[in-house]
Amino acid sequence: MRILVTGAAGLLGGETCAKLVAAGHEVTALVHRNPDVLANDGSRVAVEPIVGDVSLEMFGWSEDRFAQVAASHDALIHCAATVRFDLAEEDYRAVNVGGVSNALALAEAGGMDFLHVSTAYVCGDTDGIIRENKPPPQAGFANGYEASKATGEGLVRASSLRWAIARPSIVVGEYERGAIRQFDTTYAAFKLIAEGRVRHMPARADGTLDFVPLDHVVQGLVTLVERMEDAAGGTFHLVSGQPLPVEQFADAIGAYPQFHRPELVAPEDFDPAALPPLERRLYKRVAGLYASYFQRDPHFSDAEFRAISGRGCPPTGQSYIRRLIDYCIASGFLPEA
């Protein structure tokens with residue numbers, strides 16, 4: 001197929017481009033400020049790059065350029081999004097909502113299939129079993145990111161295109177070695193916690209985290225776009241489906257002598273103003289943005305994805321967390337003992 005991937009310079013977009021090329025597809029990579037399309041191993045991907053801004057109508061192209069791109073592709077995988085948790089509402093509206101609208105317009109102009117990358121955490125503060133075919137709630141989101149992703153899903157569902165929605169959970173390093181080419185978002189908070197610069201986190205006793213390997217997510221996207229005839233109209237969780245108790249996550253960190261096991265504090269007893277000055281600043285700027293993940297217990301069902309793909313995520317748990325940590329140490333992101 002001829003496939004256009006938005007957000008191709010990002011971690012997920014770059015590795016998706018690499019896997020699509022390896023599967024024999026012709027890939028056009030939409031990039032914005034960063035022109036480099038890299039696989040997770042850091043190698044350049046043999047794709048046709050095209051510069052555009054998803055927040056602009058027609059991606060900022062001329063009408064002729066827009067029509068030419070629309071007509072020359074069979075499918076669009078929309079990975080482009082801002083994944084930060086600390087932006088103003090207008091920023092989320094421009095990229096995570098307006099970007100979806102503009103990508104849908106391009107796909108509609110060319111009659112493309114549309115695979116939208118959302119997040120499993122559009123469930124907001126809902127606990128328990130989260131089924132794939134259940135639409136996002138109207139409220140209860142932890143941040144503007146989750147809310148904007150839920151709004152974006154609504155735009156996709158209202159489209160006349162043949163579409164599917166993919167919902168990854170917390171995407172981290174690949175399964176076998178924990179390898180990841182860029183340490184941002186979740187990893188930034190993890191580093192502060194492991195190095196003891198943020199020593200306290202508000203966490204529910206029953207809180208869990210769903211860490212999913214990058215390669216499971218990417219292979220899922222490839223499967224869904226290749227099987228769009230079966231996937232059309234569906235929503236699919238690309239998750240581990242094996243929620244890791246927050247206590248076990250903290251134990252995995254504390255098992256390394258050079259790291260600090262965070263003190264998990266009941267949310268009702270946690271007062272960020274009582275933290276030491278430096279920790280208070282770091283908590284507010286970075287770690288606190290992810291605190292809501294420690295205070296929820298969603299169990300993401302991936303039954304629909306298993307039905308269409310015939311596979312699920314391999315076993316994760318503490319052994320996988322240790323592989324992630326070991327890779328962070330080996331790459332120099334975290335200190336050795």
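As the structure is a prediction and not an experimental result, all values here were calculated from the model.
- Here the side chains of His200 and Glu279 are in contact, with some heavy-atom distance below 4.5 Å.
- Sorted by first and then second residue, the side-chain hydrogen bond (donor to acceptor under 3.5 Å, both in side chains) pairs involving residues 282-301 (not counting sequence neighbours) are Glu146-Arg296, Thr208-Asp297, Ser292-Arg296, Asp297-His299.
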Next item on the list: Run the numbers on His237 and Ile130 for side-chain contact (heavy atoms from CB on, under 4.5 Å), then give the verdict.
Entry: CA-CA 9 Å; His237 281 156; Ile130 311 296; 4.0 Å; yes

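- Linking Ile, Leu, Val, Met, Phe, Trp and Tyr whenever their side-chain heavy atoms come within less than 4.5 Å puts Val265 and Leu275 in one cluster.
- Counting only residues at least two apart or on different chains, no salt bridge (charged side-chain N to carboxylate O under 4.0 Å, His left out) pair has a member in residues 315-337.
- Linking Ile, Leu, Val, Met, Phe, Trp and Tyr residues whenever their side-chain heavy atoms come within less than 4.5 Å leaves Leu224 and Val156 in two separate clusters.
- Taking 4.5 Å as the limit, every side-chain heavy atom of Tyr145 sits out of range of all side-chain heavy atoms of Tyr121.
- No donor-acceptor pair closer than 3.5 Å links the side chain of Glu268 to the backbone N or O of Ala266.
- Residues satisfying the salt bridge (Lys or Arg N to Asp or Glu O under 4.0 Å) criterion with Arg93, sequence neighbours excluded, are Glu89.
- A salt bridge (charged side-chain N to carboxylate O under 4.0 Å, His left out) check over residues 97-117, counting only residues at least two apart or in different chains, returns the pairs Asp113-Arg162.
- Neither Leu30 nor Ile3 shares a network with the other; the hydrophobic side chains, linked directly or stepwise wherever heavy atoms of I, L, V, M, F, W or Y lie under 4.5 Å apart, form separate groups for each.
- Thr6 places a side-chain N or O within 3.5 Å of a backbone atom of Ala80 that can act as its donor or acceptor partner.
- For Tyr320 and Tyr175, the ring centers are positioned less than 6.0 Å apart.
- By the 4.5 Å heavy-atom criterion applied to side chains, Val286 and Phe85 are not counted as neighbours.
- Side-chain contact between Met1 and Glu26 is absent, with no heavy atoms from C-beta onward closer than 4.5 Å.
- Among the candidates Val47, Leu20, Val225, the single residue satisfying the side chain to side chain contact (heavy atoms under 4.5 Å, CB included) test with His25 is Leu20.
- Residues satisfying the salt bridge (Lys or Arg N to Asp or Glu O under 4.0 Å) test with Asp251, not counting sequence neighbours, are Arg261.
- Residues forming a side-chain contact (heavy atoms from CB on, under 4.5 Å) with Pro245 (at least two apart in sequence, or on another chain): Gln248.
- Qualifying side-chain contact (heavy atoms from CB on, under 4.5 Å) partners for Thr28, counting only residues two or more places apart in sequence or in other chains: Leu4, Glu48, Ile50, His73.
- Side-chain contact between Val31 and Val37 is present, with at least one heavy-atom pair separated by less than 4.5 Å.
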Next item on the list: Go through the steps to decide whether Lys19 and Asp215 satisfy the test side-chain contact (heavy atoms from CB on, under 4.5 Å), and finish with yes or no.
Entry: CA-CA 9 Å; Lys19 289 295 184 282; Asp215 43 335; 5.8 Å; no

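- For Glu176, the side-chain contact (heavy atoms from CB on, under 4.5 Å) partners are Glu174, not counting sequence neighbours.
- Pairs engaging residues 67-82 under the salt bridge (charged side-chain N to carboxylate O under 4.0 Å, His left out) rule: Arg2-Asp74 [sequence neighbours left out].
- A donor-acceptor pair under 3.5 Å is absent between the side-chain atoms of Asp36 and the main chain of Leu38, judged by distance alone.
- Hydrophobic clustering, with ILVMFWY side chains joined whenever heavy atoms are under 4.5 angstrom apart, keeps Val117 apart from Leu106.
- More than 12 heavy-atom neighbours from other residues, nucleotides or ligands sit within 6.0 angstrom of CG on Leu278.
- At least one side-chain heavy atom of Thr82 sits less than 4.5 Å from a side-chain heavy atom of Asn96.
- The shortest distance between side-chain heavy atoms of Leu161 and Leu104 falls below 4.5 Å.
- Remark: Asn133 engages no residue in a side-chain hydrogen bond (donor to acceptor under 3.5 Å, both in side chains) (not counting sequence neighbours).
- A donor and an acceptor atom, one from each side chain of Asp41 and Ser43, are located under 3.5 Å apart.
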Next item on the list: Take Leu244 and Ile321 through the test side-chain contact (heavy atoms from CB on, under 4.5 Å) and record every step on the way to the result.
Entry: CA-CA 10 Å; Leu244 179 74; Ile321 298 299; 3.7 Å; yes

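- Centroid-to-centroid, the aromatic rings of Phe305 and His216 come within less than 6.0 Å.
- No continuous path of ILVMFWY side-chain contacts below 4.5 Å connects Val122 to Leu238, so the two sit in separate hydrophobic clusters.
- The backbone N or O of Val51 sits less than 3.5 Å from a side-chain atom of Trp61, completing a donor-acceptor pair.
- Looking at Arg65, its side chain never comes within 3.5 Å of a backbone N or O of Ser62 through a donor-acceptor pair.
- Under the 30°/60° scheme for interplanar angles, the aromatic rings of Tyr187 and Phe183 are found to stand perpendicular.
- Under the 3.5 Å distance criterion, with hydrogens and angles disregarded, a donor-acceptor pair is assigned to the side chains of Ser118 and Glu153.
- Side-chain contact between Phe333 and Lys191 is present, with at least one heavy-atom pair separated by less than 4.5 Å.
- Partners of Arg204 under the salt bridge (Lys or Arg N to Asp or Glu O under 4.0 Å) rule, at least two apart in sequence or in another chain, are Asp127, Asp206.
- Checked against side-chain contact (heavy atoms from CB on, under 4.5 Å), Ser72 has the following partners two or more places apart in sequence or in another chain: Gln68.
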